[in-house]
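Have a look at the structure below, then the notes.
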Amino acid sequence: MKLFVPAEFNFEENVKYLLRSSNECLHRIDNNRIYKALSVADETPVIEIRAGDCRELVVRFLGDTAPSRKWVRAEVARYVREWFDLDRDIVPFYRLAESDPLLKGPVQSFRGLRTVGIPDLFEAVTWGILGQQMNLTYAYTLKRRLVENFGRSVDCEGKTYWIYPTPDKIAACSVEDLAVLRMTVKKCEYLIDTAQRIASGELSKLGLLQTGSHQAAEKMLTSIRGIGPWTANYVSMRCLRFPSAFPIDDVGLHNAMKHILGRDSKPSKAEIRQLSAGWSGWESYATFYLWRVLY
DNA sequence: AGCCAGGCACCAA
DNA sequence: TTGGTGCATGGC
């Protein structure tokens with residue numbers, strides 16, 4: 001299966017992003033190829049993604065996991081397009097970045113990097129919750145424990161691939177069930193609550209997208225206990241894909257600014273507002289490129 | 001050993 | 001709206 005990609009896409013830059021944690025459990029990189037198991041309807045195709053000859057990605061199904069139904073294959077293609085934000089024209093972002101003191105360097109260094117997404121809402125929200133006020137290394141450890149305790153695995157061609165837990169599964173958990181992962185009681189409660197809302201249909205990606213604006217989606221998300229402005233914007237950025245989503249209080253963003261500006265302390269909030277004033281409409285891409293500076 | 005992490009709820013003005 | 005505080009837990 002071949003997917004056409006825009007000119008402003010560089011496979012290796014995106015692979016480098018995916019390589020940032022050696023503790024990642026939801027995909028595997030080998031020889032510049034990405035391997036991942038997906039869950040579509042009752043099938044669990046395992047895919048390999050590599051760069052094709054000319055402005056294309058080649059997706060191959062491993063083992064006997066090629067979906068028989070056409071629409072399932074289409075869903076896999078849709079997932080990959082969304083994962084790498086392939087249908088967005090980011091030329092305007094590059095244009096505004098050229099004259100931006102913070103973005104100028106990063107867009108040169110990482111040209112072709114997209115805001116790598118988390119297409120599944122439950123995964124996006126819970127990954128956000130896991131990452132709150134936590135060093136990333138430990139957040140990855142918690143994710144691995146969550147996945148290995150409550151997700152399921154697919155064995156294919158001698159490797160094991162993990163699939164993220166379903167909302168149903170976590171919704172049925174008690175705080176004690178999740179406490180074995182060794183995270184705070186609050187985080188356990190937030191995960192279960194989110195799972196229950198998604199399992200019941202009260203919270204859905206479609207519902208959030210239908211609000212029409214990033215602000216409305218943010219409001220809906222922050223009405224949930226455990227989801228504050230940072231997580232709401234993180235989800236808006238990586239799952240809902242509102243380009244204006246902006247986790248402005250993110251400490252990683254602040255550190256990247258400090259680093260690029262050569263300061264010895266993080267910028268104040270007023271300064272951050274000033275520095276990001278020119279990003280209007282592209283805050284999510286600006287944030288993602290600045291995060292990349294720190295890896 | 002001590003500061004810091006891809007924050008959040010809660011409370012006061 | 002903004003600005004503090006407590007929180008819990010592990011990395012480095």
Side-chain angles (χ1 to χ4, degrees), chain A residues 16-26 102-103 106 110 113-118 121 123-146 149 175-176 178-195 197 203 215 218-242 244-260 263-276 279 283-295:
Chain A
K16 277 186 207 161
Y17 170 79
L18 292 177
L19 278 168
R20 82 192 154 136
S21 170
S22 55
N23 206 12
E24 173 63 62
C25 57
L26 295 178
L102 285 173
L103 298 176
F110 312 123
L113 172 69
R114 321 290 291 196
T115 296
V116 177
I118 305 174
L121 178 68
E123 183 186 335
V125 177
T126 49
W127 174 233
I129 291 169
L130 288 179
Q132 292 169 3
Q133 185 63 9
M134 191 66 53
N135 65 76
L136 260 187
T137 309
Y138 188 54
Y140 274 105
T141 300
L142 286 179
K143 181 168 87 166
R144 176 179 287 280
R145 289 179 188 156
L146 182 73
N149 278 278
V175 169
E176 295 74 41
L178 291 187
V180 299
L181 308 181
R182 303 200 64 175
M183 58 184 159
T184 63
V185 169
K186 278 192 192 304
K187 272 199 204 312
C188 296
E189 291 171 354
Y190 297 161
L191 293 187
I192 294 167
D193 182 50
T194 301
R197 288 172 192 263
L203 181 66
Q215 288 85 351
E218 182 180 346
K219 195 170 177 184
M220 194 178 289
L221 283 165
T222 53
S223 70
I224 298 169
R225 253 179 72 84
I227 301 181
W230 179 85
T231 308
N233 278 278
Y234 185 85
V235 170
S236 296
M237 171 178 169
R238 299 201 61 192
C239 181
L240 306 179
R241 291 212 171 278
F242 289 112
S244 58
F246 190 23
I248 191 168
D249 293 317
D250 181 82
V251 66
L253 177 73
H254 304 168
N255 283 330
M257 288 176 161
K258 170 188 162 187
H259 179 259
I260 294 172
R263 304 280 182 77
D264 49 7
S265 64
K266 285 180 242 179
S268 69
K269 187 146 188 174
E271 221 174 343
I272 294 163
R273 286 210 189 88
Q274 202 174 354
L275 288 163
S276 60
W279 302 349
E283 289 89 342
S284 71
Y285 261 84
T287 301
F288 202 74
Y289 269 73
L290 289 181
W291 279 347
R292 182 66 182 78
V293 171
L294 297 179
Y295 296 154

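In the text below, chain A, chain B and the rest are named by the order of the sequence lines, each starting its count at 1.
For A:K187 and B:dA5, the shortest distance from a side-chain N or O to OP1 or OP2 is not below 4.0 Å. Checking the phosphate oxygens (OP1, OP2) of C:dC12, a side-chain nitrogen or oxygen of A:T137 falls inside 4.0 Å. Proximity of A:N255 to the phosphate of B:dA5: a side-chain N or O atom is located under 4.0 Å from OP1 or OP2.
The side chain to side chain contact (heavy atoms under 4.5 Å, CB included) check on A:Q133 picks up nothing, with sequence neighbours excluded. Listed by chain and number, the residues in a ring-ring contact (aromatic ring centres under 6.0 Å, His included) with A:F288 are A:Y17 (sequence neighbours excluded). Annotation: ring-ring contact (aromatic ring centres under 6.0 Å, His included) contacts of A:Y190 (sequence neighbours excluded): none. Every residue was checked against the salt bridge (Lys or Arg N to Asp or Glu O under 4.0 Å) condition with A:K187, not counting sequence neighbours, and none meets it.
One atom, CD1 of A:I248, and another, P of C:dT1, lie 16 Å apart when rounded to the nearest Å. At whole-Å resolution of the value, NZ in A:K266 and P in B:dC3 are 14 Å apart. Between A:L178 atom CG and C:dT9 atom P there is a gap of 14 Å when expressed in whole angstrom units. As a whole-Å value, the separation of A:L130 CG from B:dA5 C1' is 14 Å. The separation between A:R144 atom CZ and C:dG10 atom C1' is 17 Å, rounded to whole Å.
Heavy-atom distances to DNA chain C give each of A:K269 and A:N135 a nearest nucleotide, and the one nearer the 5′ end belongs to A:K269.
Legend: salt bridge (Lys or Arg N to Asp or Glu O under 4.0 Å) pairs involving residues 285-295 of chain A, not counting sequence neighbours: none detected.
The gap from the P atom of B:dC11 to that of C:dA8 amounts to 15 Å, rounded to the nearest Å.
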Where protein sits on nucleotides 7-13 of chain B, one letter per nucleotide: B base, S sugar-phosphate only, - none, heavy atoms under 4.0 Å: BSSS---
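Just one of A:D250, A:T222, A:D249 meets the side chain to side chain donor-acceptor pair (under 3.5 Å) condition when paired with A:W230; it is A:D250.
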